[in-house]
Amino acid sequence: MNTTTTLLIIFLLFNVVTFCLFWWDKDAARDGGWRVSEARLLQFAFLGGSLGAVAAQRLLRHKTRKEPFRTHLMAILILHVVLAPAALLFGPTLYRLLHAG
């Protein structure tokens, strides 16, 4: 398995975990159980689970009206949308430059 495939699998798994955290928090909100903090949900989104977070927010209708949570999540998603293509385009070159120096 090459590096790209490994990174893609990690990315997908992290998004699934983030989606599940949102699901767990939604169930806890309904049942009065232990909740996942908004900071933790945003942390998972920031660390790479933004697509899973947005999918959960839309599909589960969870935290759709909470501000500033909603704005922070959209900012994280936009950051990832900008950084992902940049990393794909310039990442290998930067990697080679860092290891050559």
Side-chain angles (χ1 to χ4, degrees):
M1 187 172 347
N2 64 21
T3 305
T4 304
T5 305
T6 304
L7 290 174
L8 182 61
I9 290 170
I10 291 169
F11 171 75
L12 290 173
L13 287 174
F14 203 79
N15 277 280
V16 168
V17 168
T18 303
F19 185 96
C20 290
L21 277 176
F22 271 73
W23 193 353
W24 181 355
D25 189 53
K26 175 72 175 189
D27 280 346
R30 275 189 252 150
D31 301 338
W34 178 83
R35 301 284 307 270
V36 179
S37 71
E38 287 185 359
R40 181 72 60 203
L41 293 173
L42 289 172
Q43 181 181 32
F44 270 77
F46 182 76
L47 293 174
S50 61
L51 295 177
V54 171
Q57 188 183 42
R58 298 284 191 258
L59 293 172
L60 303 173
R61 295 175 51 185
H62 186 49
K63 302 233 180 254
T64 57
R65 293 181 284 164
K66 294 282 286 189
E67 285 296 346
F69 183 88
R70 195 171 63 148
T71 302
H72 289 159
L73 184 56
M74 284 304 113
I76 291 168
L77 180 65
I78 290 167
L79 177 70
H80 287 171
V81 166
V82 170
L83 288 181
L88 291 173
L89 289 173
F90 303 114
T93 304
L94 288 174
Y95 182 80
R96 282 193 299 277
L97 286 173
L98 290 172
H99 277 76

Revision key, fill the gap. Taken to the nearest 0.5 Å, the spacing of Lys26 NZ from Leu21 CG works out to 15.5 Å
Review point. Where is the tightest heavy-atom contact between Ile76 and Phe46, given as atom of each residue plus distance?
Key: CG2-CA, 3.7 Å
Check your understanding: Any side-chain heavy atom of Arg70 sitting closer than 4.5 Å to one from Leu73?
Key -> no
Exercise for review: Measure up the Trp24 and Trp34 rings against each other and bin them: parallel (under 30°), tilted (30 to 60°), perpendicular (over 60°).
Suggested key: tilted
Practice item. Could you tell me the separation between the CD1 atom of Ile78 and the CG atom of Leu83, rounded to the nearest 0.5 Å? Key: 12.0 Å
Review point. Taking all atoms of both residues into account, what is the closest heavy-atom pair of Phe22 and Leu60, and its distance?
Key: C-CD1, 4.1 Å
Point to revise | For Thr18 against Gly49, the heavy-atom pair lying closest together | key: CG2-O, 3.4 Å
Exercise for review: Indicate, with yes or no, if Phe44 and Met74 share a hydrophobic cluster defined by side-chain heavy-atom contacts under 4.5 Å among Ile, Leu, Val, Met, Phe, Trp and Tyr.
Suggested key: yes
Study note, to complete from the structure: The complete set of side-chain hydrogen bond (donor to acceptor under 3.5 Å, both in side chains) pairs with one or both residues in residues 43-57, sequence neighbours excluded, reads Arg40-Gln43, Ser50-His80
Check your understanding: What closest approach, in Å, do Asp25 and Val36 show between heavy atoms, and which atom pair accounts for it?
Key -> OD1-N, 3.0 Å
Practice item. Report the C-alpha separation of Leu59 and Phe19 in whole Å, then their side-chain angles, then the decisive distance to 0.1 Å, and conclude whether the side-chain contact (heavy atoms from CB on, under 4.5 Å) test is met. Key: CA-CA 10 Å; Leu59 293 172; Phe19 185 96; 4.0 Å; yes
Check your understanding: How is the hydrophobic cluster of Leu7 composed, in terms of its other members, when Ile, Leu, Val, Met, Phe, Trp and Tyr link through side-chain heavy atoms under 4.5 Å apart, directly or indirectly?
Key -> none
Review point. Taking a hydrophobic cluster as the set of Ile, Leu, Val, Met, Phe, Trp and Tyr residues connected by side-chain heavy atoms closer than 4.5 Å, whether directly or through intermediates, do Met1 and Leu13 fall within one such cluster?
Key: yes
Review point. Taking atom CZ of Phe69 and atom OG1 of Thr64, what is their separation to the nearest 0.5 Å?
Key: 10.5 Å
Check your understanding: With a 4.5 Å heavy-atom cut-off, do Leu51 and Leu77 have their side chains touching?
Key -> yes
Revision key, fill the gap. The reported gap from CG in Leu41 to NZ in Lys66 (rounded to nearest 0.5 angstrom) is 11.0 Å
Review point. Should Leu47 and Val17 be regarded as members of a common hydrophobic cluster, given that ILVMFWY residues are connected when their side-chain heavy atoms come within less than 4.5 Å of each other, either directly or indirectly?
Key: yes
Practice item. Quick one: closest heavy-atom pair of Pro92 and Ala87, and the distance? Key: CD-O, 3.8 Å
